[in-house]
Amino acid sequence: MAKSRKGVRREAAEAEGHVVIIPGLQDLLGLPRAALELAERFRSRRRSLYLVGGSVRDALLGRLHGDLDFATDARPEETAEILRGWADSIWHTGAAFGTISASKDGTRMEITTFRKEVYPEQDRHPHVTFADDILTDLERRDFTVNAMAVRLPEMDFLDPFGGLADLARKLLRTPLDPARTFAEDPLRMLRAARFLSSLELTPAPGLTEAVRAERKRLAIVSAERIRDELSRLLVSERPSRGLWFLVETGLAEEFMPELPSLALEQDPVHRHKDVLRHTLAVVDKTPPDLVLRLAALLHDIGKPKTRAFGPEGVSFHHHEVVGARMAEERLRALRYPTEVIEDVRKLVFLHMRFHTFRFGWSDSAVRRYVRDAGPLLEKLNLLVRADCTTRNPARARELARNMDLLEERIRQLKEKEDLARLRPALNGHEIMAFLGIPPGPLVGEAWRMLLEVRIERGEIPKEEAYRILAEWARERGLEPKGSPDTGGEGSGKAEDS
Ligand code: ATP
Ligand code: MG
């Protein structure tokens, strides 16, 4: 298993040509103690350990977060052995790809054997070829800014493809020919969009063209991998940069064709140059929460299908209804979890409600809004606020004021009533006893009718609720058994008591 002397020497010699000594690098990286302890353990076993990938990039940018990524010449079994007795926990789940994960004092680490090739598609039989040296490992990485390494504990900086310079001039570049890089693993094209946004980079010459040329190859990538990269793009600080890239290269067409089709929707009346531009502005304006950002991205996708031209100009009647359905279908195709799909669908469906309250809100309208939004109320209000991208400052002020007003009304009403759990004046038992009926769908119907009354009129006395229930029952040819003053069978208790 252990590498021959000759192998080690060659590796050192190869790496040496690319080693840069950066004074103060250790302080700059600000690595946790666990990383340095780990490096000592590998050294004492005569194994090399490099900090690699996103960890080096983020450490250089002063924003190290999440798991630390390492590369080593040790094979996974040996890595696990080195970790044993030191790490707090060890995971072998990635071993087929060469990765052993561990945590120590709250630091999560992923240690991967040098690799030459990985085809992540066949996840049950992953095709992985291990490499002997770090340079080969760096070469197969997606972008130069992700292809730097720091040898630990020596703190030798390895940057064979000029990632540091690219980071400084904010350039997204592939270590090898971009078309080849993208053809080998088409997901990298989507990762390009993500890094353009999260690192605020500009594509290097030829990169955009390569994506345009290779975009059809995205078809071989699983929906799950596409979903995960899309999500990471969407929760970046300003996703619009990457989203424009997806549309302009034609890549969006391959997994979310609804997005580019928004560019066709000229909307002269509302002066949104086009719905796409508006949509991406809304995405940027929402806080970086996945559900909220997905809803922002999809909130107007019903517009192309509902566009109509009338004497008063263009209209998009019920685009939120059509859009909610389209959003659901798209997110299902991308294999998002059911809860995410349901939340996004609901937000899209409700995003126009606010605008129907043109002449102020009745209490019942506010109750209904809160009831329908449920736990999504705060996100819905954030989406509605972000949806205002008008350049007309007076109009923007008016919309913001209206939203403040609605939120104030919700606060006031919440002080008086528990809006989160509105209940009708009568419960199921009381309804059954009063009507003299067994459990069944009719009870639910009556209950929902009384809930509507509750929302419409606020709290009402029980006697009043019984009177309404009696009337409702008689319309259905049912004669109530109880009386409106006392409820069911005199006592208000269930019939069989
Ligand atoms: P994040 O901070 O979001 O985790 P990251 O750069 O660490 O970003 P990961 O997806 O965690 O991204 O991947 C870790 C490293 O592995 C990358 O920096 C890159 O060097 C390499 N990598 C990941 N995916 C690919 C890929 N599809 N093709 C080539 N290299 C990849
Ligand atoms: Mg990472």
Side-chain angles (χ1 to χ4, degrees), residues 15-32 35 49-71 109-110 112 114-115 134-152 154-182 185 187-211 229 232-246 249 284 288:
E16 220 154 78
H18 299 281
V19 167
V20 182
I21 306 295
I22 303 181
L25 183 62
Q26 180 155 1
D27 291 341
L28 181 62
L29 295 179
L31 290 177
L49 187 74
Y50 295 86
L51 186 71
V52 286
S55 297
V56 177
R57 179 198 71 214
D58 291 341
L60 289 170
L61 291 170
R63 49 156 128 155
L64 194 57
H65 70 280
D67 303 356
L68 292 178
D69 293 330
F70 297 97
M109 294 165 277
E110 299 210 325
T112 307
F114 296 150
R115 293 183 299 197
I134 182 72
L135 290 180
T136 306
D137 184 89
L138 293 179
E139 195 180 83
R140 59 126 204 117
R141 289 177 182 263
D142 48 5
F143 301 105
T144 60
V145 293
N146 291 340
M148 299 177 273
V150 178
R151 189 182 170 102
L152 301 179
E154 296 87 351
M155 293 286 160
D156 293 342
F157 182 59
L158 253 73
D159 184 16
F161 303 102
L164 185 57
D166 285 344
L167 207 52
R169 57 190 170 155
K170 296 197 156 278
L171 209 56
L172 186 70
R173 208 158 53 82
T174 54
L176 306 176
D177 169 54
R180 198 187 125 190
T181 303
F182 296 143
D185 180 1
L187 185 76
R188 292 169 182 162
M189 297 187 279
L190 216 60
R191 291 174 60 84
R194 159 155 79 109
F195 292 119
L196 288 175
S197 264
S198 64
L199 303 171
E200 298 192 298
L201 305 180
T202 309
L207 188 135
T208 305
E209 291 69 21
V211 174
E229 269 315 317
R232 287 157 111 180
L233 163 62
L234 282 176
V235 298
S236 67
E237 177 80 15
R238 235 166 56 96
S240 61
R241 202 184 183 98
L243 291 169
W244 275 120
F245 177 81
L246 293 179
T249 54
D284 280 351

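All figures in this text were calculated on a predicted structure; none of them were measured in a lab. The figures that follow rest on heavy atoms only: side chains count, while hydrogens, waters and symmetry mates do not.
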Does the side chain of [X] reach to within under 4.5 Å of the side chain of [Y], using non-hydrogen atoms?
| X | Y | result |
| --- | --- | --- |
| V145 | L61 | no |
| L190 | F182 | no |
| F195 | F143 | yes |
| V150 | Y50 | no |
| L171 | L167 | no |
| L196 | W244 | no |
| S55 | L64 | yes |
| T136 | F114 | no |

Taking all non-hydrogen atoms of both residues, which atom of G163 and which atom of M148 are closest, and how far apart?
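Scanning both residues completely, I find the closest heavy atoms to be C-SD, 3.8 Å.
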Looking only at heavy atoms, what is the nearest atom pair of P288 and V235, with distance?
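In this case the closest contact between P288 and V235 is CB-O, 3.6 Å.
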Are any side-chain N or O atoms of [X] and backbone N or O atoms of [Y], one a donor and one an acceptor, separated by less than 3.5 Å?
| X | Y | value |
| --- | --- | --- |
| D159 | L164 | yes |
| T249 | F245 | yes |
| R188 | T181 | yes |

Evaluate the criterion side-chain contact (heavy atoms from CB on, under 4.5 Å) for residue pair F157 and I21; output intermediate values, then yes/no.
CA-CA 6 Å; F157 182 59; I21 306 295; over 6 Å; no
Atom [atom1] of [X] and atom [atom2] of [Y]: how far apart are they, to the nearest 0.5 Å?
| X | Y | atom1 | atom2 | value |
| --- | --- | --- | --- | --- |
| E229 | L187 | CD | CG | 5.0 Å |
| D142 | R191 | CG | CZ | 4.5 Å |
| L31 | L68 | CG | CG | 6.5 Å |
| R141 | F161 | CZ | CZ | 10.5 Å |
| M155 | L29 | CE | CG | 5.5 Å |

Ignoring hydrogens and angles, state whether a donor on the side chain of N146 or R57 is under 3.5 Å from an acceptor on the partner side chain.
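Judged by distance alone, the side chains do pair up.
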Partner residues of D284 under the side chain to side chain contact (heavy atoms under 4.5 Å, CB included) criterion, sequence neighbours left out:
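D284 satisfies side chain to side chain contact (heavy atoms under 4.5 Å, CB included) with R238, P239, S240 only.
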Of L199, L246, L233, L234, the residue whose pairing with R194 passes side chain to side chain contact (heavy atoms under 4.5 Å, CB included):
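Answer to the side chain to side chain contact (heavy atoms under 4.5 Å, CB included) test with R194 among L199, L246, L233, L234: L233.
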Given D69, which partner from the list V52, D58, T112 fulfils the side chain to side chain contact (heavy atoms under 4.5 Å, CB included) test?
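By the side chain to side chain contact (heavy atoms under 4.5 Å, CB included) criterion, D69 pairs with just one of V52, D58, T112: V52.
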Run the salt-bridge test on R115 and D137 with the 4.0 Å N-O cut-off and return the result as yes or no.
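Between D137 and R115 there is no salt bridge, as every charged N stays at least 4.0 Å from the carboxylate O atoms.
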Sequence neighbours excluded, every pair satisfying side-chain hydrogen bond (donor to acceptor under 3.5 Å, both in side chains) that has a member inside residues 162-175:
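Of all non-adjacent pairs touching residues 162-175, those that pass side-chain hydrogen bond (donor to acceptor under 3.5 Å, both in side chains) are T144-D166, D166-R169, D166-R173.
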Determine which pairs satisfy side-chain hydrogen bond (donor to acceptor under 3.5 Å, both in side chains) with at least one residue from residues 197-208, sequence neighbours left out, and list them in order.
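Applying side-chain hydrogen bond (donor to acceptor under 3.5 Å, both in side chains) to every pair that reaches into residues 197-208, excluding sequence neighbours, yields nothing.
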Just wondering, more than 12 heavy atoms not from E154 lying within 6.0 Å of its CD?
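Atom CD in E154 is packed in, count exceeds 12.
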Given M109 and F70, is the side-chain contact (heavy atoms from CB on, under 4.5 Å) satisfied, shown in steps?
CA-CA 7 Å; M109 294 165 277; F70 297 97; 3.6 Å; yes
